[in-house]
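First listed ligand is number 1; within each ligand, the first listed atom is number 1.
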Amino acid sequence: MGHNSITDTMDVSLISPSISSYKWKDGTLKLGIMASGNGSNFEAIARDIDDGRLSAEIKVLIYNNPDAYAAVRAAKWGVPAVLLNHRNYKRRQDLDGRIVQTLREYGVEWVVMAGWMRLVTSVLIDAFPNRILNIHPSLLPSFKGSHAVEAALAAGVKIAGCTVHLICLEMDSGPIIMQAAVPVLPDDTPETLHARIQVQEHRILPDAIALAPILYGSL
Ligand code: GRF
């Protein structure tokens, strides 16, 4: 196998910041996770909690697509999953109102958008100010939007990555908590690059969940 093969570089990354330099607070984070699809990031969080690497509890998964595999994963981990299908709501604000209600019912303190493919409104953002994290598959502020990996490849960047940031009204903006960079290889396709990025997403999302309360308010 050559040195430049995709397999060789699956684990090459630069992650910043390193959470080891922060002083840990005691307490268990009460998380609500929002996902639209596969839910591999949900799984990464659940696994880190199970391993004792992240002091948190997933109170509820909210998903918007009836066939989202994230719901299957939630069942496996014994996490309640609530389907809020956006197609049943006339306005984004109405959906967000139901999301807020559900998060409150389950006692959620921090919200994690882990592959939530809908724009959110001030109804949700104002209900959890500085308490909503998002994971995005690019080194923001480059390549915002839903085709970030394809856009990075099309632009010919040589380094790609992922970002965990706090949500604000503007899409894929808001204070950056943590980023991981990975190499782009000459023979990459959107699928191979995304797979390399996802390895790092699964590392930085749980770490950023631990770091965000230290940086942005108390537990
Ligand atoms: C991730 O690439 C994330 O960055 C983006 O959507 C994808 C979700 O993946 N926002 P998964 O559903 O967690 O596997």
Around atom 2 (O) of ligand 1, find the nearest protein heavy atom and jot down its residue, atom name and distance.
H194 NE2, 2.7 Å
So, Q101 versus R104: side-chain donor-acceptor pair below 3.5 Å or not?
no
Which segment of H136 sits under 4.0 Å of ligand 1 when only heavy atoms are counted:
backbone
Nearest non-hydrogen protein atom, atom 14 (O) of ligand 1:
S40 OG, 2.5 Å
Give a yes or no answer on whether the side chain of T163 reaches the backbone of S138 with a donor-acceptor pair at less than 3.5 Å.
yes
Tell me the protein heavy atom at minimum distance from atom 10 (N) of ligand 1, and give that distance in Å.
I135 O, 3.0 Å
Keeping the roles fixed (side chain from D96, backbone from T121), state whether a donor-acceptor pair exists under 3.5 Å.
yes
Check this for me, if you would: do E57 and K30 make a salt bridge, where the nitrogen-to-carboxylate-oxygen distance has to be below 4.0 angstrom?
no
Output, in order, the C-alpha distance, side-chain angles, deciding distance and verdict of side chain to side chain contact (heavy atoms under 4.5 Å, CB included) for K144 and S173.
CA-CA 8 Å; K144 298 176 180 180; S173 303; 3.2 Å; yes
Please determine if R53 and D207 form a salt bridge, counting it only when a charged side-chain N lies under 4.0 Å from a carboxylate O.
yes
Taking atom 9 (O) of ligand 1 as the reference point, the nearest protein heavy atom with its distance
Q198 NE2, 3.1 Å
Where the closest heavy atom to atom 13 (O) of ligand 1 is concerned, which of L205, N41, V164 has it?
N41
When you measure from the side chain of R131 to the backbone of Y216, do you find a donor-acceptor pair of N or O atoms at a distance under 3.5 Å?
yes
Identify which of G39, A195, G115 has a heavy atom lying nearest to atom 12 (O) of ligand 1.
G39
Element-labelled atoms of ligand 1 that are located less than 4.0 Å from some non-hydrogen atom of N38:
12 (O), 14 (O)
To the nearest 0.1 Å, how far is atom 3 (C) of ligand 1 from its closest protein heavy atom, and which atom is that?
E201 OE2, 3.4 Å
